[in-house]
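Below is one structure, written out as structure tokens; the observations come after it.
Indexing begins at 1, ligand by ligand and atom by atom, following the structure's order.
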Amino acid sequence: MKVLITGASGGIGRAAAEYFLKKGHEVHGLDIREADEDLLKFSESAECCGAYYHHIADVTDKDSIRSGLPEGFLPEVLINCAGIQEGERDIDVNLKGMINVAEMLAVSNEEIKSVVNIGSASGHTGSEFPEYAASKGGVIAYTKNVALRIAPRAICNSIDPGGVTTELNRVVMDDPVLWNRIMELTPLKRWASAEEIAEWIYFVGVTNRFMTGQNLLIDGGEAGRAEFVWPE
Ligand code: NAD
């Protein structure tokens, strides 16, 4: 299938691109940055059963998306992974950017079969920067909205990871004190790898055929951590 993955030069998007390539798909990565060197090497290796094409574009700019992709390009699967965790611009990139891409390449696309939007556990807990949490809460609602509008020809779901070991989190992963504090709060005592989230993306986006408008929280129990208070 023809698959478009935004944020394909970063941790989760890059891992998803590699996973889809292993499964033999035609993968189009869209990112504000150049393609990841290791992904390009992988796409030329014997392990790769598909083909990779990279497109430079900014999801916050509709003209940039239009001009960055080949004319008439229509994906069958859309994976919205591009995102930031910076503060003020988070809603522009994580939510409005996702809306730009999905409206253009899923809602107005007769070829589309499946959409997967990447949110965050933060959309459930409200933790992290205010704009980040709000952007990810918006992803849950927007996913349901798209699911209703593209049915019956296609499905749309979202995935909310907890901590994932990508560059986005370098600042805490490299600080042993902060990292130990995080692990104390994480029931499974580890974060997910980007490759693990890529498997979920594939399952929800391709293996799945009947679930739509839903959100999967994949966080090692982080959001559900609760203490039972009761007399001894
Ligand atoms: P990352 O920083 O490793 O990768 C993000 C990619 O998005 C980068 O390649 C970046 O260049 C691209 N990007 C940023 N702004 C863009 C724009 N305007 N237009 C096009 N591309 C743009 O981050 P990641 O950890 O792989 O995160 C991917 C998604 O997963 C994000 O939406 C993030 O919020 C979400 N997420 C990550 C974690 C985590 O712990 N890493 C947890 C939950 C959710």
Are [X] and [Y] within salt-bridge range, i.e. N to O under 4.0 Å?
{"X": "R181", "Y": "E184", "answer": "no"}
{"X": "R14", "Y": "E18", "answer": "yes"}
{"X": "R66", "Y": "D63", "answer": "yes"}
{"X": "E76", "Y": "K113", "answer": "yes"}

For [atom], grab the closest protein heavy atom and report residue, atom and distance to one decimal in Å.
{"atom": "atom 32 (O) of ligand 1", "answer": "K136 NZ, 2.9 Å"}
{"atom": "atom 2 (O) of ligand 1", "answer": "L168 CD1, 3.6 Å"}
{"atom": "atom 19 (N) of ligand 1", "answer": "V59 N, 3.0 Å"}
{"atom": "atom 34 (O) of ligand 1", "answer": "Y132 OH, 2.7 Å"}
{"atom": "atom 18 (N) of ligand 1", "answer": "D58 OD1, 2.8 Å"}
{"atom": "atom 5 (C) of ligand 1", "answer": "G83 O, 3.7 Å"}
{"atom": "atom 3 (O) of ligand 1", "answer": "G11 N, 2.9 Å"}

Any chance the side chains of [X] and [Y] put a donor and an acceptor closer than 3.5 Å?
{"X": "Y53", "Y": "H55", "result": "no"}
{"X": "H124", "Y": "N215", "result": "yes"}
{"X": "S64", "Y": "D58", "result": "no"}
{"X": "H25", "Y": "Y202", "result": "yes"}

May I ask you to list the atoms of ligand 1 that are less than 4.0 angstrom from any heavy atom of [X]?
{"X": "G10", "value": "3 (O), 4 (O), 8 (C), 9 (O)"}
{"X": "G162", "value": "40 (O), 42 (C), 43 (C)"}
{"X": "I12", "value": "26 (O), 30 (O), 37 (C)"}
{"X": "N169", "value": "39 (C), 40 (O), 41 (N)"}
{"X": "P161", "value": "42 (C), 43 (C), 44 (C)"}

With only distance considered, is [X] within less than 3.5 Å of ligand 1 through an N or O on each side?
{"X": "T60", "answer": "no"}
{"X": "D31", "answer": "yes"}
{"X": "G163", "answer": "no"}
{"X": "R89", "answer": "no"}
{"X": "N94", "answer": "no"}
{"X": "I84", "answer": "no"}

Next item on the list: Can you figure out which of G119, S120, A121 has its heavy atom closest to atom 35 (C) of ligand 1?
Entry: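 Comparing heavy atoms across G119, S120, A121, the nearest one to atom 35 (C) of ligand 1 lies in G119.
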Notebook entry, point to check: When you measure from atom 20 (C) of ligand 1 to each heavy atom in S9, G7, A57, which option holds the nearest one?
Noted result: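 When every heavy atom of S9, G7, A57 is considered, A57 comes closest to atom 20 (C) of ligand 1.
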Item checked: Output field: ring centroids F20/H28 closer than 6.0 Å ->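 Aromatic pair excluded; centres sit 6.0 Å or further apart.
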Below 4.0 Å, non-hydrogen atoms only: which portion of [X] touches ligand 1? Side chain, backbone, both or neither.
{"X": "I32", "answer": "both"}
{"X": "W191", "answer": "neither"}
{"X": "Q85", "answer": "neither"}
{"X": "D160", "answer": "neither"}
{"X": "C81", "answer": "backbone"}
{"X": "T166", "answer": "side chain"}

Check: Crowded around R149 CZ? As in, over 12 foreign heavy atoms under 6.0 Å?
Finding: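 Yes, the 6.0 Å shell around CZ holds more than 12 heavy atoms from other groups.
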Margin query: Surrounding NZ of K2 (heavy atoms of other residues, nucleotides or ligands, distance under 6.0 Å), is the total greater than 12?
Written below: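 Above 12, so yes.
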Notebook entry, point to check: Would you call the rings of F203 and W200 parallel, tilted or perpendicular if under 30° counts as parallel and over 60° as perpendicular?
Noted result: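 Ring orientation of F203 relative to W200: perpendicular.
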Notebook entry, point to check: What do the steps show when you test E47 against K22 for side chain to side chain contact (heavy atoms under 4.5 Å, CB included), and what is the final call?
Noted result: CA-CA 7 Å; E47 241 191 298; K22 278 186 189 153; 3.4 Å; yes
Next item on the list: Determine the minimum heavy-atom distance between I112 and P75, stating which atoms define it.
Entry: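 That would be CD1-O, 3.5 Å.
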Note to self: I want to check something: taking the side chain as every heavy atom from C-beta on, are N117 and N157 in contact at a cut-off of under 4.5 Å?
What the structure shows: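 No; the side chains remain at least 4.5 Å from each other.
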